[in-house]
Amino acid sequence: MESEMTSIRPLAHNELSKVQSIAHRTWPNTFGEILSPEQISYMLNMMYALPVLESQWQKGHTFLLAEENGQELGFAGFELNYAEGPKAKLHKIYLLPETQGKGLGKKLILDVARRVREAGQKSLLLNVNKYNQKAIDFYQRIGFQEIYKEVIDIGNGYVMDDVVMELTL
């Protein structure tokens, strides 16, 4: 079980580089068997360049940081009123590989769910790569259900082939 010293807090605007850093340390491990190194590099650039994170911040995305003893362990990024409902969207959630399997991901996602429920949202949506069975199983254990699949063209000849899941709050 993770230590009681683990905390989750909203990131300040000047800390967005922590999100970028964790993504760059997590993605090769998470997607190494699913996506080519070229696609991983392309997507990290597309989604985690600081100007992209800044733009999301300005649009009202909230980024949460999980940390322990001053060390960042993972993050989540979400947006309120993403879809009719009102429904929130969990856009990003990643934990450093060495911290996975210790309950921190569940703690982080339940913190997001609490925050969006308190903001009046009725459910929480997310997309997950359809080949990332470990993540799909994790989300189902928390109570997410698959609602549909979608393929999103992200340019450069790449697509995101995803399962869309929803947690009713």
Side-chain angles (χ1 to χ4, degrees), residues 11 16-66 73-97 99-101 104-106 108-113 115-116 121-169:
L11 273 174
L16 290 173
S17 62
K18 292 181 179 186
V19 168
Q20 183 184 49
S21 170
I22 294 167
H24 279 267
R25 288 183 280 162
T26 305
W27 272 53
N29 180 279
T30 303
F31 297 111
E33 295 179 10
I34 300 173
L35 305 174
S36 69
E38 295 77 18
Q39 183 167 352
I40 291 171
S41 176
Y42 174 79
M43 291 178 72
L44 280 170
N45 244 358
M46 183 185 92
M47 297 178 179
Y48 291 96
L50 283 176
V52 174
L53 295 172
E54 301 253 349
S55 168
Q56 292 171 344
W57 174 275
Q58 286 161 0
K59 287 181 190 156
H61 290 215
T62 298
F63 294 92
L64 301 178
L65 181 70
L73 306 177
F75 69 88
F78 66 91
E79 175 183 11
L80 299 175
N81 300 311
Y82 176 81
E84 302 287 317
K87 298 178 180 189
K89 174 78 179 257
L90 179 67
H91 287 286
K92 309 166 173 14
I93 181 167
Y94 290 100
L95 299 174
L96 294 175
T99 68
Q100 293 174 12
L104 184 56
K106 181 176 182 182
L108 189 54
I109 208 163
L110 292 177
D111 193 278
V112 170
R115 289 169 188 267
V116 302
Q121 307 294 282
K122 300 298 182 210
S123 69
L124 181 61
L125 301 167
L126 62 80
N127 282 45
V128 57
N129 184 294
K130 76 175 187 182
Y131 299 109
N132 191 347
Q133 195 59 50
K134 184 177 157 191
I136 292 169
D137 292 345
F138 166 74
Y139 295 130
Q140 286 175 332
R141 282 196 303 275
I142 293 175
F144 281 85
Q145 295 181 313
E146 178 180 329
I147 51 176
Y148 59 89
K149 290 181 168 71
E150 66 181 353
V151 177
I152 304 162
D153 185 337
I154 57 169
N156 216 38
Y158 299 124
V159 298
M160 294 192 311
D161 198 350
D162 287 351
V163 174
V164 179
M165 302 183 82
E166 182 173 28
L167 177 68
T168 302
L169 301 172

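Along the sequence shown, residues carry numbers from 1.
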**Q** Work out which heavy atom in Leu124 is nearest to a heavy atom in Leu90; give both atom names and the distance.
**A**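 Minimum heavy-atom separation between Leu124 and Leu90: CD1-N, 3.7 Å.
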**Q** Taking only residues two or more places apart in sequence or in another chain, which ones pass ring-ring contact (aromatic ring centres under 6.0 Å, His included) with Phe144?
**A**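 Residues passing ring-ring contact (aromatic ring centres under 6.0 Å, His included) with Phe144: Tyr139.
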**Q** Determine, step by step, whether Leu169 and Val116 satisfy the side-chain contact (heavy atoms from CB on, under 4.5 Å) criterion, reporting the C-alpha distance in whole Å, the side-chain angles of both residues, the deciding distance to 0.1 Å, and the verdict.
**A** CA-CA 9 Å; Leu169 301 172; Val116 302; 3.4 Å; yes
**Q** For Glu150, does the CD atom sit with more than 12 other heavy atoms under 6.0 Å from it, leaving out its own atoms?
**A**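 More than 12 within 6.0 Å, yes.
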**Q** Checking side-chain contact (heavy atoms from CB on, under 4.5 Å) for the pair Lys106/Phe138: CA distance, chi angles, key distance, verdict?
**A** CA-CA 8 Å; Lys106 181 176 182 182; Phe138 166 74; 4.2 Å; yes
**Q** Ala49 and Gln20: which non-hydrogen atoms are nearest, and at how many Å?
**A**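 In this case the closest contact between Ala49 and Gln20 is CA-NE2, 3.9 Å.
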**Q** Charged N to carboxylate O below 4.0 Å: is that the case for Asp111 and Arg115?
**A**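 Judged by the 4.0 Å cut-off on N to carboxylate O distance, Asp111 and Arg115 do form a salt bridge.
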**Q** Are Glu79 and His91 close enough that a side-chain donor and a side-chain acceptor fall under 3.5 Å?
**A**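 Glu79 vs His91: donor-acceptor pair found between side chains.
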**Q** Which atoms form the tightest heavy-atom contact between Leu95 and Gly74, and what is the distance?
**A**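 Answer, listing the atom of Leu95 first, then Gly74: CD2-CA, 3.7 Å.
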**Q** Would you say Asp153's side chain and Gly155's backbone share a donor-acceptor pair under 3.5 angstrom?
**A**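 Yes, because the side chain of Asp153 sits within donor-acceptor range (under 3.5 Å) of the backbone of Gly155.
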**Q** May I ask you to check whether Lys89 and Asn127 show a side-chain donor-acceptor distance below 3.5 Å?
**A**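 Side-chain D/A pair, Lys89 to Asn127: present.
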**Q** If I take atom CD1 from residue Ile152 and atom CG from residue Asp161, how far apart are they, to the nearest 0.5 angstrom?
**A**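 Answer rounded to 0.5 Å: 9.5 Å.
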**Q** Could you report the tightest heavy-atom contact between Asn81 and Pro86, atom names first, then the distance?
**A**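 In this case the closest contact between Asn81 and Pro86 is OD1-CB, 3.2 Å.
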**Q** Has the side chain of Ser41 got a donor or acceptor atom that lies under 3.5 Å from a matching backbone atom of Pro37?
**A**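 Checking the backbone N and O of Pro37 against the side chain of Ser41, no donor-acceptor pair under 3.5 Å is found.
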**Q** Against Leu53, only a single residue in Met47, Lys92, His61 fulfils side chain to side chain contact (heavy atoms under 4.5 Å, CB included); can you say which?
**A**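 Checked Met47, Lys92, His61 against Leu53; only one passes side chain to side chain contact (heavy atoms under 4.5 Å, CB included): Lys92.
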**Q** Between Phe78 and Ile93, does a side-chain contact (heavy atoms from CB on, under 4.5 Å) hold up when you go through it step by step?
**A** CA-CA 9 Å; Phe78 66 91; Ile93 181 167; over 6 Å; no
**Q** Using only atom types and a distance under 3.5 Å, with no angle test, would you say the side chain of Ser55 pairs donor to acceptor with the backbone of Pro51?
**A**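 A pair under 3.5 Å: no.
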**Q** Is the number of heavy atoms from other residues, nucleotides or ligands within 6.0 Å of OH (Tyr131) greater than 12?
**A**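 No - once you tally the heavy atoms of other residues, nucleotides and ligands closer than 6.0 Å, there are 12 at most.
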**Q** What heavy-atom pair brings Leu167 and Ala113 nearest, and what distance separates the two atoms?
**A**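 What the structure gives for the nearest pair is CD2-CB, 4.2 Å.
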**Q** Both conditions, 6.0 Å and 45 degrees, for the charged tip of Lys18 above the ring of Phe63: are they met here?
**A**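 No, cation not above the ring by the 6.0 Å, 45° rule.
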**Q** What closest approach, in Å, do Leu73 and Ile22 show between heavy atoms, and which atom pair accounts for it?
**A**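 Where Leu73 meets Ile22 most closely, the heavy atoms are C-CD1, 4.5 Å.
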**Q** Could you tell me whether the side chain of Thr99 and the main chain of Leu96 form a donor-acceptor pair under 3.5 Å?
**A**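 Yes, Thr99 side chain to Leu96 backbone: donor-acceptor pair under 3.5 Å.
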**Q** Any donor-acceptor pair under 3.5 Å linking the side chain of Tyr42 with the backbone of Ile154?
**A**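 The answer is yes, because a donor-acceptor pair under 3.5 Å joins these two groups.
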